[in-house]
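Below is one structure; the comments refer to it alone.
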Amino acid sequence: MLFSEQLRKAVDPIWEASFHHPFVKELGEGTLDLRCFRYYVLQDSYYLTHFAKVQALGGAMADDLQTTASMAHHAQNTYEAELRLHETFMKELGITEEEKASFVPAPTAYAYTSHMYRAAFAGHFGDVLAAILPCYWLYYEIGERLKHCKPNHPIYAKWIEAYGSDWFKQLVEQQIARLNDIAETVSAKDLERMKQHFWISSQYEYLFWDMAYKLEHWPIEEEDVYAKERA
Ligand SMILES: Cc1ncc(CO)c(N)n1
């Protein structure tokens, strides 16, 4: 069994939980509360900014120039396609500059991006790939599953179209192939670590939907801190 297949099998219950999360289901049905999607777009823009940096770090850690160039191309795609999509959403949702300026990453968005940096800084190129692959692959599978849904909300339809598209499929397939190539060359200990990164990222993907659905926030917000100071 290919390494990617082993990983996919190990996380199946976690991915199933994502497929059935109310955020994903309601997005497909077009019934998702726009407040949740708005919150998601802001947090996901933060996430993607760091995702692109981790992709670029991967490029710097790669063994050959072709892989470095390809990882840089992937980082550019994150910027040009996904972040631009979010910019369109922000305009359509009426998200203001003030809102963007006062943005605070939610605990899960912060933890998930931190996990990717940790995998990169404490490991090899294979660690980076294993940590970022669920981001690609899970969204691709969600795009495939939701493709047949025609939510009568243009923003949700656009979101599904992006992740169910061929350009995204190609990016996912490239990274899966790269992971399998690397798996052939590293030690059993490296593979174990990579498997754990993949598993943790899969859990965070689930938590990311949950974060948006519940409009997660830090236990003590700024106003509370000031309230304490006044007391
Ligand atoms: C949290 C998250 N994971 C994966 C993707 C797809 O790249 C995304 N946009 N956001």
Item to check | Nearest non-hydrogen partners of T78 and L48, listed with the distance | outcome: CG2-O, 3.6 Å
Checklist entry - Is L7 linked to M1 within one hydrophobic cluster, defined over Ile, Leu, Val, Met, Phe, Trp and Tyr using a side-chain heavy-atom separation of less than 4.5 Å? => result no
Checklist entry - A120 and L57: which non-hydrogen atoms are nearest, and at how many Å? => result CB-CD1, 4.1 Å
Checklist entry - Any Lys/Arg nitrogen of K9 or D12 sitting under 4.0 Å from an Asp/Glu carboxylate oxygen of the other? => result no
Next on the checklist: Can you confirm whether Y79 is buried at OH, in the sense that more than 12 heavy atoms of other residues, nucleotides or ligands lie under 6.0 Å from that atom?
Outcome noted: no
Checklist outcome for this item: CG of N180 to CD of Q6, rounded to nearest 0.5 Å, is 9.0 Å
Checklist entry - In terms of heavy-atom contacts, does CD of E161 have more than 12 from other residues, nucleotides or ligands at under 6.0 Å? => result no
Next on the checklist: I need the E205 CD to L207 CG distance, nearest 0.5 Å.
Outcome noted: 10.0 Å
Item to check | Steps toward salt bridge (charged side-chain N to carboxylate O under 4.0 Å, His left out) verdict (E16, R145) | outcome: CA-CA 11 Å; E16 280 296 324; R145 280 170 180 249; 3.4 Å; yes
Checklist entry - Do the side chains of I142 and W15 get nearer than 4.5 Å, heavy atoms only? => result no
Item to check | Contact summary for R178 and S70, nearest pair of heavy atoms | outcome: NH2-OG, 2.8 Å
Item to check | Closest approach of S202 to I14 (non-hydrogen atoms, all atoms of both residues) | outcome: O-CG2, 3.4 Å
Checklist entry - Considering residues, nucleotides and ligands other than K214, do more than 12 of their heavy atoms fall under 6.0 Å from its NZ? => result no
Next on the checklist: The test is side chain to side chain contact (heavy atoms under 4.5 Å, CB included); show your working for Q203 and V11 and say whether it passes.
Outcome noted: CA-CA 9 Å; Q203 297 276 13; V11 298; over 6 Å; no
Item to check | Side-chain heavy-atom pair V186, M194 within 4.5 angstrom cut-off | outcome: yes
Item to check | Steps toward ring-ring contact (aromatic ring centres under 6.0 Å, His included) verdict (W159, Y163) | outcome: CA-CA 7 Å; W159 189 92; Y163 292 109; 4.9 Å; yes
Checklist entry - Are L32 and V24 close enough, and set up right, to give a side chain to side chain contact (heavy atoms under 4.5 Å, CB included), and what steps lead you there? => result CA-CA 8 Å; L32 178 66; V24 176; over 6 Å; no
Checklist outcome for this item: Heavy atoms of Y39 and E216 approach each other most closely as OH-O, 2.5 Å
Item to check | Donor-acceptor under 3.5 Å (H153 side chain, I155 main chain) | outcome: yes
Next on the checklist: As an exercise, state the distance from NE2 of H115 to OG1 of T108, rounded to the nearest 0.5 Å.
Outcome noted: 13.0 Å
Item to check | Heavy atoms of other groups near Y110 OH, more than 12 under 6.0 Å | outcome: no
Item to check | Pair Q174-Q170, side chain to side chain contact (heavy atoms under 4.5 Å, CB included): steps then yes or no | outcome: CA-CA 6 Å; Q174 258 184 25; Q170 279 174 14; 5.8 Å; no
Item to check | Nearest-0.5 Å distance that lies between atom OG1 in T113 and atom OH in Y46 | outcome: 4.0 Å
Item to check | I176 with W167, same ILVMFWY side-chain cluster at under 4.5 Å | outcome: yes
Just list the side-chain donor-acceptor pairs under 3.5 Å for residues 128-141, sequence neighbours left out, or say none.
unit_1: Y136; atom_1: OH; unit_2: Q55; atom_2: NE2; d: 2.6
unit_1: Y136; atom_1: OH; unit_2: H74; atom_2: ND1; d: 2.8
unit_1: Y136; atom_1: OH; unit_2: Q175; atom_2: NE2; d: 3.1
unit_1: W137; atom_1: NE1; unit_2: E141; atom_2: OE2; d: 3.3
unit_1: Y139; atom_1: OH; unit_2: Y40; atom_2: OH; d: 2.7
unit_1: E141; atom_1: OE1; unit_2: R8; atom_2: NH2; d: 2.9
unit_1: E141; atom_1: OE2; unit_2: R8; atom_2: NE; d: 3.0

Checklist entry - Which heavy-atom pair separates A106 from Q43 by the least distance, and what is that distance? => result N-OE1, 2.9 Å
Next on the checklist: With side chain to side chain contact (heavy atoms under 4.5 Å, CB included) as the test, pick out the partner of I95 among R38, H86, E87.
Outcome noted: R38
Next on the checklist: I need the M211 CE to C36 SG distance, nearest 0.5 Å.
Outcome noted: 10.5 Å
Next on the checklist: Please enumerate all residues that pass ring pair (Phe, Tyr, Trp, His ring centres under 6.0 Å) together with F19, with sequence neighbours excluded.
Outcome noted: none
Item to check | Worked check of salt bridge (charged side-chain N to carboxylate O under 4.0 Å, His left out) between E144 and K147 | outcome: CA-CA 5 Å; E144 283 295 301; K147 243 180 185 175; 3.0 Å; yes
Item to check | Centroid-centroid under 6.0 Å between F89 and F37 rings | outcome: yes
Checklist entry - Taking atom CD of E97 and atom CE of M90, what is their separation to the nearest 0.5 Å? => result 9.0 Å
Checklist entry - Take atom CG in D33; do more than 12 heavy atoms of anything else shown fall under 6.0 Å from it? => result yes
Item to check | Hphob cluster co-occupancy, L2 + W199, side-chain heavy atoms under 4.5 angstrom | outcome: no
Checklist entry - side chain to side chain contact (heavy atoms under 4.5 Å, CB included) between F168 and S165: does it pass, once the steps are laid out? => result CA-CA 6 Å; F168 195 65; S165 66; 3.8 Å; yes
Item to check | Check against side chain to side chain donor-acceptor pair (under 3.5 Å), Y156 and E26 | outcome: CA-CA 10 Å; Y156 298 157; E26 291 172 20; over 6 Å; no
Checklist entry - Hey, are K158 and E92 close enough for a salt bridge, meaning a charged N less than 4.0 Å from a carboxylate O? => result yes
Next on the checklist: Check the orientation of Y112 and Y47. Use parallel for under 30°, tilted for 30 to 60°, and perpendicular for over 60°.
Outcome noted: tilted
Checklist entry - Which one of D63, I182, T68 satisfies the side chain to side chain contact (heavy atoms under 4.5 Å, CB included) criterion with F125? => result I182
Next on the checklist: Between H50 and Y117, is the side chain to side chain donor-acceptor pair (under 3.5 Å) condition met? List the steps.
Outcome noted: CA-CA 9 Å; H50 292 285; Y117 282 117; 2.7 Å; yes
Checklist entry - With a cut-off of 6.0 Å (strictly less than), are more than 12 heavy atoms of other residues, nucleotides or ligands near CD of Q196? => result no
Next on the checklist: Does Q66, at its CD atom, have more than 12 non-hydrogen atoms belonging to other residues, nucleotides or ligands within less than 6.0 Å?
Outcome noted: no
Checklist entry - According to a 4.5 Å side-chain heavy-atom criterion applied to Ile, Leu, Val, Met, Phe, Trp and Tyr, with indirect links allowed, do L42 and V104 form part of one hydrophobic cluster? => result yes
